[in-house]
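None of these values were measured; they are calculated from a predicted model. Here is the naming used below: chain letters follow the sequence lines, and residue numbers restart at 1 for every chain.
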Amino acid sequence: MIPFIVTAFVAFLFYLVLVVGSGSVLFWSWEEIIAGVIIGLVTGVIARKIFCRSENYRMLHPVRLISILIYICGPFLVELTKANLDVAYRVITGNVRPGIIRLHSGMKSDLALTMLAHSITLTPGTLSVDVDGKNHDLFIHVIHLDEGVEKKEAFEAGEIFSYMNIPAWIRRIAE
Amino acid sequence: MMRTKVAWFTLVVLAGSLLFAALSIPFGDPAMSDMDDYFIAHGQEQTGANNIVTSIVFDFRAFDTLGEACVLFTAVFGVSVLFRLRKKGEDYEYE
Amino acid sequence: MIADTIIFIFLIIGLLFNALGVLGLLRFPDVYTRLHASTKATTFGSIFLCLGVVVFAISQYLGTSDSQYLMVITHTIIAVFALAITNAAGSHAIARAAHRSGQKPDPVVVDKLTEAGL
Amino acid sequence: MIDNLPFLVVAITILLGLYTLLLKKDLIKIIMGISLIESGVNLFLITLGYRWDSIAPIFTGAPSLAMVMPTVQALTLTSIVIGVATLALLLSMVMIIYRYYRTTDVREVSKLQG
Amino acid sequence: MTDIFMIAALITAVIVFGALVRLILGPTNPDRVVAVDTINTLTVAVMILLGVVYQQYIFIDVAIVYALLSFVSTLYIAKHIGGEL
Amino acid sequence: MSDSLSKIIRTTADVMFLFITVFGFYIVLHGHLTPGGGFQGGAVIATGFILLIVAYKLEDFLGWFQKRTFQNCEMSGLVLFIGTALAAIPLGYLFFMNFLNGTGGLFGQAVPFGINPGFLNTAGTIPIMNIAVGIEVLGGLSIIILYMTTGIRSHEEGE
Amino acid sequence: MIEIIHILVLIGILITAALIVWQKNLVAAAVTFAAFSFLLSIEFYILQAPDVAIAEAAVGAGISTAIYLIAIRATHDQEVT
């Protein structure tokens with residue numbers, strides 16, 4: 001019952017975001033709201049087993065939902081800009097020294113692991129290649145390894161980010 | 001190889017005619033468009049839909065859509081029949 | 001007028017990074033480094049092109065208060081989010097598939113994944 | 001400036017599809033040729049209905065009232081659905097043929113009997 | 001005002017050709033998939049910019065469909081290349 | 001048919017499936033106002049199901065949705081489409097007549113003529129037919145991919 | 001200026017269509033078919049047919065490539081000549 005309600009509510013909110021500006025009831029019209037309720041119910045029936053597959057509802061806490069927005073607009077954007085300047089430098093000079101290293105992620109839930117992997121892929125000169133299913137280690141491809149670093153067996157998650165502590169943010173959001 | 005020669009001959013003839021046809025049609029200025037002008041002028045008040053394409057698909061020429069739905073149904077039926085027969089031993093059996 | 005300047009700067013940034021991404025796609029030696037260039041730089045450039053459109057829509061909405069510009073803002077932001085998530089997941093899938101198909105990174109100093117043997 | 005370039009592209013696309021259909025030997029490649037011909041015909045229909053300086057036939061928030069021809073777009077929608085349906089059916093038949101004959105060469109398939 | 005967006009769309013359409021060169025050259029299949037992914041991203045950007053140029057903002061729906069769905073095609077190709085399909 | 005794609009892809013597919021489904025319903029329901037309609041929205045939702053098929057194993061997918069569900073979707077969509085067309089005959093109109101337009105009831109609000117922002121509650125039987133065709137295309141395209149994926153499996157077993 | 005974009009997209013369609021015929025590897029041909037579908041959809045978009053563009057997007061982005069790859073997986077991925 002709880003998965004159905006959660007899924008239907010998320011679907012209803014997404015539909016309202018899609019049809020914003022259609023009428024007079026605070027940006028929406030009555031027909032769109034009724035249609036949104038119906039679509040939310042139908043989508044809740046279809047997608048309840050998939051959207052709530054992990055059976056944990058800690059993402060519903062409003063503090064986490066607000067902090068995910070702050071995370072995207074703040075630390076993530078800084079790291080994204082820095083990573084792109086780095087890639088631009090590599091493209092122009094052609095100075096690469098790639099390698100695949102192992103990273104201890106330390107994340108317990110799947111959602112946190114996914115957010116970390118996507119952050120790694122989009123941010124600093126790194127690309128997540130594979131994941132070890134047992135202890136949630138990530139294998140990442142780094143475009144430029146410093147001299148001597150490749151002897152190390154495994155990295156900690158905070159070491160590859162330069163300015164912001166992204167893993168701590170993700171742990172605060174999703175665990 | 002006779003068939004290859006026939007195929008090449010067909011291709012050359014079709015290429016000539018298609019290129020000639022492509023060069024002789026004016027782009028961006030269709031001549032006969034009475035029906036479309038009628039749909040644009042009266043479609044909104046007759047069907048109430050803002051999207052004229054949808055009003056044609058589902059109102060003015062809805063028989064085309066009926067045929068299309070039947071073609072899709074036939075294709076689904078064909079695919080399901082093709083993959084439902086499985087050979088186990090000698091005879092065919094249903095899944 | 002401020003909005004015009006912001007839009008201009010955003011579009012310049014977006015075009016610059018798109019061009020750099022495709023240049024990296026052409027220059028880099030193997031598929032993993034090409035993925036670096038294409039995923040990061042192209043996503044960043046497209047996000048900034050879309051942000052230019054968002055700033056344009058906001059300025060138009062403040063000027064005319066026509067409600068269809070609200071729809072432009074939300075739809076463009078949805079497109080940006082979908083683009084970021086699907087690009088990250090897609091590049092991860094391609095990298096994993098390339099490594100599983102036996103295509104090792106060509107200039108490489110260390111390859112822990114082959115040593116792990118997953 | 002653009003003159004008849006779209007119609008030329010349509011003609012060349014259809015010719016490439018016909019070349020694949022007539023002279024290639026692989027069944028999947030032949031089906032790709034059929035799909036190319038379908039795409040060319042769709043593009044031809046849409047190009048035929050275009051009018052200069054006109055907008056899409058949708059009244060929601062339209063900037064003007066000069067519109068392109070809507071009937072060809074409706075027919076192209078029908079054509080795309082039928083294209084997907086026939087594509088799925090043809091490729092399923094290729095899979096069945098490969099299961100029984102172990103080849104997708106048209107010469108071998110037409111040579112074998114029963 | 002919309003001239004700026006038009007010029008941006010034009011330059012992006014030129015950039016697409018760079019990705020097409022990688023599609024032609026690409027020695028292996030993963031390279032081609034990377035090129036197609038790049039083309040898809042640039043296509044979404046071009047569609048949003050052209051929607052503003054035409055002043056028909058309902059056209060942005062097409063870009064959202066692309067951004068949401070091209071993922072599936074990439075996943076299928078990746079699954080086939082990785083030998084898991 | 002060994003293991004499937006990695007855990008990251010599966011979690012992403014879980015989240016994206018909801019958004020794809022809601023966006024498909026948006027396209028279907030706004031078919032008479034914005035670009036889109038029954039076929040396009042149905043294809044989008046079917047692509048959402050195909051995303052689940054590719055991200056998970058086939059057994060997992062068949063544990064959530066059965067083949068019979070999609071077959072029933074296809075048939076009920078076709079029946080609803082033809083039924084809407086036939087319902088005009090007892091009311092004294094022609095086959096495929098748009099008998100709900102302008103009556104003031106369901107989908108019957110009078111539409112302003114000319115360029116307007118568009119209202120959801122207009123256009124008579126067109127939204128109902130959109131929904132019917134959307135359900136039909138959803139079921140049809142999903143079941144095609146489902147049967148073809150099953151076909152690979154039986155292909156390998158039959159050797 | 002929109003005409004230049006139009007011409008570029010048309011030339012892209014020609015290149016990808018020729019590439020589909022020329023590729024010997026069937027997986028590469030299917031990948032190129034996806035790119036062809038993308039460019040065709042921009043062409044529909046420029047020719048003011050957004051309904052057809054959405055249909056081509058929804059079909060070409062997911063379903064068409066999926067069907068091709070399933071068929072290639074069940075048969076073989078090198079073209080016979």
Exercise. If you count heavy-atom pairs under 4.5 Å with chain E, which of Thr12(F), Ile9(F), Thr47(F) comes out on top?
Worked result: Thr47(F)
Exercise. Going by residue number, which parts of residues 32-57 of chain E are within reach of chain F, meaning a heavy-atom gap below 4.5 Å?
Worked result: none
Problem set entry | Contact listing (chain E partner; residues 26-35 of chain F; heavy atom under 4.5 Å) | Tyr26(F), Ile27(F), Thr34(F), Pro35(F)
Problem set entry | Separation between CZ of Phe23(F) and CG of Leu68(E), rounded to the nearest 0.5 Å | 6.5 Å
Problem set entry | Asp61(E): partners by salt bridge (charged side-chain N to carboxylate O under 4.0 Å, His left out), with sequence neighbours left out | none
Acceptor/donor pairs from residues 78-90 of chain F side chains to any protein atom, 3.5 angstrom cut, sequence neighbours excluded:
unit_1: Thr84(F); atom_1: OG1; unit_2: Leu80(F); atom_2: O; d: 2.6

